[in-house]
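Just below is one structure, and these are the notes that go with it.
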Amino acid sequence: MHPTGLRRSQSPNKRRRVMNEEKGDGGGSQQASSPSASASASASAAHAVVVPAVPAADVATDSGDALPIAEKRDEILKAVEENQVVILMGETGSGKTTQVPIYLHHAGYTSKGVIAITQPRRVAAITVAHRVAQELSSQVGDLVGYSVRFEDVTSAATKIRFATDGFLLRDCVRDGDFSRYSVLILDEAHERTLATDMLFGLVKRLLVAGKRPQLRVIVMSATLDPSKYGGFFRSAGVVPLFGGARGRGAGGVGCVRIVRIPGRQHPVEIFHTPAAEEDYVEAASITVMQLHVEQPPGDILVFLPGQDDIEALQQLLEDKRVKLDRLRRHPSPSDPLPPSWQSSSLDMLICPIYAALPVDQQVEAFRPTPPHTRKVVLATNIAETSITLPGIRYVVDSGKVKLTTFNPRTGVEMLLRQDVSKAAAMQRSGRAGREAPGQAYRLFTEADSQGLADQTPPEITRADLAQIVLQMRAYGISNEESFPFLDAPKEGALDKAVKMLQDLGALDNRGLTDLGHRLSGLPVVPMHGRLLLDSMEFGCLEHMLSIVALLSTENVWHHTLTSERKADKERRKRVSTNFRRLAHPDGDHLTLLKAYHRWNEVSDKVGFCKEHGINHHALVRATKIREQLQGLLVRLLGDVDMAAHTQAAVGKDEQWVSIKQCLAKAFFLNAAKLMPPTRKYRTEYGRQEVHVHPTSVLVERQSLPQWVVYNDFFQTGVGKKLYIKTVTAVEGEWLVQFAPAKFTAAYVKD
DNA sequence: GTTAGGGTT
């Protein structure tokens with residue numbers, strides 16, 4: 001037992017063996033070291049591995065010739081000249097994202113067309129465009145520009161165009177041959193986003209068809225296995241192995257070449273636990289406290305799978321922080337601090353960060369750490385790829401992540417907590433070495449780390465593909481089974497998507513219907529598109545634009561789950577009361593709309609959001625989406641007269657009715673029927689018993705509506721409850737009226 | 001009684 005009582009305060013009955021602490025002997029030769037051991041003479045016991053790490057977005061902090069990539073410049077240019085496809089393997093800080101487009105520009109590729117560089121995230125596309133523009137002494141939107149949703153900062157002069165992968169994928173509908181581009185660069189390919197994977201397939205089709213012999217394709221990736229991409233393009237049938245590199249003559253267009261770029265990453269020592277941890281939250285709290293009191297200054301980044309764990313760990317650490325502070329001020333003879341803990345007097349600042357956290361709270365993690373303080377950031381995998389935090393020297397990795405998988409047979413989405421892949425664990429560990437040598441403490445064993453999957457399964461194998469199949473049909477790809485996927489979707493996933501689109505009326509025996517064409521032009525899931533298109537006949541277009549925009553926006557509400565700090569309790573109560581006042585008893589769609597209307601009316605929007613548990617940023621984003629959708633509908637349907645499709649004159653209740661009717665019509669595939677005397681529902685599709693998610697306004701009701709439609713359908717784990725979320729009451733007779741093929745009067749009555 | 005992270009002419 002540890003003498004401070006800091007550990008005892010948590011779980012007295014459980015034995016913990018974090019970082020070898022329990023052994024107290026520095027461990028055997030096969031065991032990972034504790035932080036204290038690594039700092040002492042027994043450091044030789046450490047099972048340390050030095051790894052390179054991969055960056056979030058490969059934005060090097062310095063530029064030009066100092067970068068490691070500079071020495072590869074000629075090799076890269078030669079490879080691009082001689083090969084149609086070049087794969088660049090680049091590690092952290094290699095500068096490939098900024099430098100490769102510049103090399104190509106100076107080599108004349110911009111005189112033959114535009115260089116496009118895709119990024120999985122908008123922030124990366126925008127910031128890299130600014131950096132490259134600066135290096136070329138140009139203004140963004142001139143020679144160098146970027147194209148992301150809501151923002152297309154390009155002009156006729158733009159020759160280097162950074163874009164999100166999703167934007168470029170959309171762009172393909174207009175220009176399937178990428179005819180304006182001389183070079184297409186798929187950056188961060190190892191992330192294997194849905195959009196990047198689709199671009200892979202579209203590019204391969206183009207190369208196979210031989211339509212663009214002059215086009216050059218560069219895949220930039222940090223993955224450990226470049227041969228996967230190489231094999232994919234070589235099997236296009238036009239590409240001899242390695243071209244000139246293996247002495248097969250001149251090489252020539254149509255070849256694939258792999259170039260490795262050295263990185264610039266500080267070494268990171270990696271430690272594993274000697275034994276498996278049952279409770280990674282508690283294990284993390286112990287490890288963080290040990291690092292905090294025993295290690296030199298430097299911030300700590302803890303990776304956890306979700307918000308609930310972050311809040312639980314935050315509570316544990318706050319308690320320990322307070323206790324440590326008390327023991328430092330008032331040493332207790334019966335509970336003395338060990339000598340090694342007395343040298344440090346750093347305070348601890350705990351900062352949670354996850355996507356659903358409102359931005360004003362997220363920024364705390366980015367602020368400079370105050371003097372005499374150690375920042376401890378508790379993060380989901382948002383800190384693995386999307387954001388880079390300064391000052392991190394220590395990483396604590398739970399080894400867990402939440403991943404969605406879509407079951408095509410049942411239609412259920414499942415968000416499962418599971419082990420990270422080797423690649424993700426490396427990425428996480430590498431976060432300790434961005435600015436200086438660092439250390440990573442993994443809360444799993446060396447043996448377990450060997451058993452991890454190499455890569456996280458790509459999104460295309462885990463997603464609902466309805467929207468993707470709709471897009472493919474719009475490109476003219478009628479047989480999606482023969483599409484050259486880098487990794488094929490799950491068995492049955494494409495069939496399921498086709499079936500769903502048929503049920504929705506987007507596809508028939510002849511292919512894409514008129515409705516399908518219209519739906520494919522809207523940047524929303526097909527069912528949301530139908531809400532918009534159906535809304536005109538119900539006279540609720542304006543309202544439905546708002547609802548669909550809100551449904552397209554993640555994290556409108558900010559719910560705190562577990563930790564209830566006393567100081568916040570009053571505020572929570574107030575927020576909860578305010579929310580109930582705002583809620584519409586008939587459902588969550590209507591409640592979202594009410595909240596949005598109120599938000600639009602009030603002058604202090606930020607204050608309103610704080611007092612109602614709303615994420616202000618989400619509503620700002622919803623407003624942008626709404627404007628975009630409105631503009632698209634006008635173009636799609638001709639001169640849509642908003643007023644004519646909105647019954648402004650009718651009473652409020654009648655408006656609510658028409659909105660609910662529209663929901664019933666467009667969402668009949670997501671209808672569910674109450675199963676009295678329980679409070680459960682049964683879905684129409686799949687006939688599965690589901691619970692209304694506890695965040696729904698419906699759970700407040702004494703008597704539940706007989707019929708509802710829902711937006712989300714998911715399960716929180718294997719064998720766990722099924723939930724429907726964002727749920728609104730409808731009348732059974734509306735389902736009969738609007739979806740007679742699926743519902744009969746007798747059926748809905750009983 | 002409580003879903004990770006991205007992204008869209």
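So that the names make sense, note that chain A is the first sequence line, chain B the second, and so on, each numbered from 1. On a predicted model such as this, the values are computed, not experimentally measured, just so you know.
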Distance, rounded to the nearest Å, where [X] contributes [atom1] and [N] contributes [atom2]:
X: A:Leu168; N: B:dG7; atom1: CG; atom2: P; value: 15 Å
X: A:Gln630; N: B:dT9; atom1: CD; atom2: P; value: 16 Å
X: A:Leu522; N: B:dG7; atom1: CG; atom2: P; value: 20 Å

Inset, instruction - For DNA chain B, determine which residues of residues 351-362 of chain A have any heavy atom closer than 4.0 angstrom to one of its atoms, and list them numerically. - result: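 Listed by number, they are A:Tyr354, A:Ala355.
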Legend entry - For A:Thr164, all residues meeting side chain to side chain contact (heavy atoms under 4.5 Å, CB included), sequence neighbours excluded: A:Arg122, A:Val148, A:Phe167
Legend entry - Those residues that, when tested against A:Thr726, pass side chain to side chain contact (heavy atoms under 4.5 Å, CB included) (two or more places apart):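 Counting only residues at least two positions away or on another chain, A:Thr726 forms a side chain to side chain contact (heavy atoms under 4.5 Å, CB included) with A:Leu551, A:Asp588, A:His589, A:Leu592, A:Asn711, A:Asp712.
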Legend entry - Under 4.0 angstrom between A:Thr164 side-chain N/O and B:dT8 OP1 or OP2: yes
Legend entry - Under 4.0 angstrom between A:Ser386 side-chain N/O and B:dG6 OP1 or OP2: yes
Kindly point out which of [options] is positioned nearest to the side chain of [X]?
X: A:Lys721; options: B:dG1, B:dG7, B:dA4; answer: B:dG1
X: A:His693; options: B:dT8, B:dA4, B:dT3; answer: B:dT3
X: A:Leu403; options: B:dA4, B:dT8, B:dT2; answer: B:dA4

Inset, instruction - Output all residues satisfying ring pair (Phe, Tyr, Trp, His ring centres under 6.0 Å) with A:Tyr181, sequence neighbours left out; order by chain, then residue number. - result: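 By the ring pair (Phe, Tyr, Trp, His ring centres under 6.0 Å) rule, A:Tyr181 matches no residue at all.
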Inset, instruction - Return each pair, listed once, that meets salt bridge (Lys or Arg N to Asp or Glu O under 4.0 Å) where at least one residue sits in residues 689-701 of chain A; pairs must be two or more places apart or across chains. - result: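 Every pair satisfying salt bridge (Lys or Arg N to Asp or Glu O under 4.0 Å) with a residue in residues 689-701 of chain A: A:Asp586-A:Arg701, A:Lys680-A:Glu689.
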Could you list the donor-acceptor pairs under 3.5 angstrom formed by side chains in residues 613-620 of chain A, with sequence neighbours left out?
| from | atom 1 | to | atom 2 | distance (Å) |
| --- | --- | --- | --- | --- |
| A:Asn615 | OD1 | A:His617 | N | 3.4 |
| A:Asn615 | ND2 | A:Asn555 | O | 3.3 |

Legend entry - Value rounded to 0.5 Å, distance of CD in A:Glu282 from CG in A:Leu443: 11.5 Å
